[in-house]
Visitor: 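Here you go, one structure.
Numbers here are sequence positions counted from 1. The shown structure was predicted, so the numbers you read here are calculated from the model rather than taken from an experiment. Scope of the values below: all heavy atoms of this structure, side chains included, with no hydrogens, waters or symmetry mates.
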Amino acid sequence: MIKLDFSFSEEQEHFRKMLKDFAKQELLPNYTKWDREGVTPKHLWKKLGELGVNGLRIPFDYGGSSADCVTTGIAAEEIGRGDFNLTYAVMLNALIGEIITNHGSEDQKREWLPMISSGEKIVGIAITEPSAGTDAGGIKTTAVHKENVYILNGEKSGISVATSGDAFIIFAKTNPDLGNRGISAFIVPANLPGVETRGYEDLGNIPISRGSIYLNDVEVSEENLIGLENNGFAQVMNGFDLSRLLIGLQCVGAATQSLDETIEHVKNRHSFGKPLAAYQGVSFPIVTHFAQLEMVKWQAYRGLWLRDQGLKHSKESALVKWLGPKYSQEAIHECLLLNGHYAYTKEMPLEQRLRDVIGLEIGDGTAQANQMVIAKDIIGKEFRSY
């Protein structure tokens, strides 16, 4: 019996069409607006909550959609076509939703998951530090247990929604002597005494309000600890396999939209009496980028399907995270060139998409970090690369 099906369900196709229309009509026209104004459009996070996008990986009982990973990938791809930065409402909420759903207490789930699903609250995840990025186990932020509270001290850097988030999942060392095995996770509201944030002037992803978080003797209750003490590292590492696949589709969505716009341009723009599309020097690069994006797209959906089946998918996730942003920024760059000097201005969205996508060649694991994951899988742990 042959069991191989690359089709989406009827419900998934309906969901895709709904999001495609929404992205085209409501997101795409204002994509550049938020970048120019330096604004995080919180009202659109709430709108995505109404559409069920924010809570895709959150159970029904807590206001979510209980969607599978493949459906979540559809949302990442389609929202990415309209507004690359709003796809963080898919990717970030899926990662945080899984962490709280799988490891949080009942009180934490009932307090935070409905607000995340609705878009009422934006929650960030804070692991990276000035001296610890790819080596997440090297963080220096500490959480000292004293009576019935934890006291947090340290600095987090490069954190998405740093200046617009209502709360953060902070990873800190509760037992520094244990290395990776001494890390715990805490829900930390942004308005607690001792929490300070500072935004960056980034090249791209401006509406994501990336920045640093400073923790100065921040007291949180024991009830803010997510899961077991010293178990935070394992909680987030599994989640990154999901977010990396969604990032790949987020980038592919933006690049595919750029290709679609460019195809229309080269069909209508004439040079030496012929449409630009008639020249192989124009059509062949478009075909090359289309092929690369299609391969990454379907590898991403395969990885999401594997996750839905409870099967290993770290290798697939790393491959998509490595090549998704890379192929996407190359495609968008080519589109910018094919559209000519006008595309070099801020009157068109291509230059912003290029800036935005480049940021995710770094976030959630660099190319080299993901190649290390793949090498470990296909060559063997005993030949782990450094």
Visitor: Is the count of non-hydrogen atoms from other residues, nucleotides or ligands lying under 6.0 Å from H333 atom NE2 greater than 12?
Guide: no
Visitor: Going by atom types only, do D364 and S243 share a side-chain donor-acceptor pair under 3.5 Å?
Guide: yes
Visitor: Look only at the side chain of K173 and the backbone of I183, and say whether a donor-acceptor pair between them is shorter than 3.5 Å.
Guide: no
Visitor: Any luck finding a side-chain donor-acceptor pair between D35 and T32 under 3.5 Å?
Guide: no
Visitor: For K46, is the NZ atom crowded, meaning more than 12 foreign heavy atoms sit under 6.0 Å from it?
Guide: no
Visitor: Any side-chain heavy atom of K312 within less than 4.5 Å of one from L306?
Guide: no
Visitor: State, yes or no, whether a side-chain contact exists between V296 and L293 at a heavy-atom distance under 4.5 Å.
Guide: no
Visitor: Passes salt bridge (charged side-chain N to carboxylate O under 4.0 Å, His left out), K140 versus E129? Steps please.
Guide: CA-CA 8 Å; K140 296 180 180 179; E129 298 183 0; over 6 Å; no
Visitor: Under a 3.5 Å cutoff, is there a donor and acceptor pairing between the side chains of N30 and D83?
Guide: no
Visitor: Under 6.0 Å from the ring centre and within 45 degrees of the ring axis: does the NZ or CZ of R16 meet both conditions for the six-membered ring of F8?
Guide: yes
Visitor: Heavy atoms only: give me the nearest F171-A185 pair and the separation to one decimal.
Guide: CE2-CB, 3.6 Å
Visitor: Is any side-chain N of the basic residue among K121 and E111 closer than 4.0 Å to the acidic one's carboxylate O?
Guide: no
Visitor: When you check the side-chain N and O atoms of S314 and D241, is any donor under 3.5 Å from an acceptor?
Guide: yes
Visitor: Does the side chain of S184 pick up a donor-acceptor pair with the side chain of E229 at under 3.5 Å?
Guide: no
Visitor: Just by distance, with hydrogens left out, do T72 and R57 show a side-chain donor and acceptor under 3.5 Å apart?
Guide: no
Visitor: Answer whether the closest heavy-atom distance between the side chains of R302 and E316 falls below 4.5 Å.
Guide: yes
Visitor: Just checking, is any N or O donor in the side chain of Y327 or E294 under 3.5 Å from an acceptor N or O on the other one?
Guide: no
Visitor: Distance only, no hydrogens: is a donor on one side chain within 3.5 Å (strictly under) of an acceptor on the other, for Y200 and S209?
Guide: no
Visitor: Are any of the side-chain heavy atoms of T163 and R198 separated by less than 4.5 Å?
Guide: no
Visitor: Regarding H145 and E222, is there a side-chain donor-to-acceptor distance under 3.5 Å anywhere?
Guide: yes
Visitor: Side chains of D356 and N85: any donor to acceptor distance under 3.5 Å?
Guide: yes
Visitor: Any luck finding a side-chain donor-acceptor pair between Q257 and Y31 under 3.5 Å?
Guide: no
Visitor: Is the NE2 atom of H341 crowded by more than 12 outside heavy atoms at less than 6.0 Å?
Guide: no
Visitor: Which value, rounded to the nearest 0.5 Å, describes the distance between E78 atom CD and T87 atom OG1?
Guide: 10.0 Å
Visitor: Is it the case that over 12 heavy atoms from other parts of the model lie below 6.0 angstrom from the CZ atom of F290?
Guide: no
Visitor: Should Y62 and I116 count as side-chain neighbours, where that means a heavy-atom distance under 4.5 Å?
Guide: no
Visitor: Do S7 and D5 have side-chain N/O donor and acceptor atoms under 3.5 Å apart?
Guide: yes
Visitor: Assess the residue pair E330 and K326 against the criterion (salt bridge (charged side-chain N to carboxylate O under 4.0 Å, His left out)); give the C-alpha distance rounded to whole Å, side-chain angles, the decisive distance to 0.1 Å, and a yes or no.
Guide: CA-CA 6 Å; E330 290 174 354; K326 170 182 166 61; 2.9 Å; yes
Visitor: Parallel under 30°, tilted from 30 to 60°, perpendicular over 60°: which one fits the rings of W298 and Y301?
Guide: tilted
Visitor: Does S221 reach the side chain of Y150, with side-chain heavy atoms less than 4.5 Å apart?
Guide: no
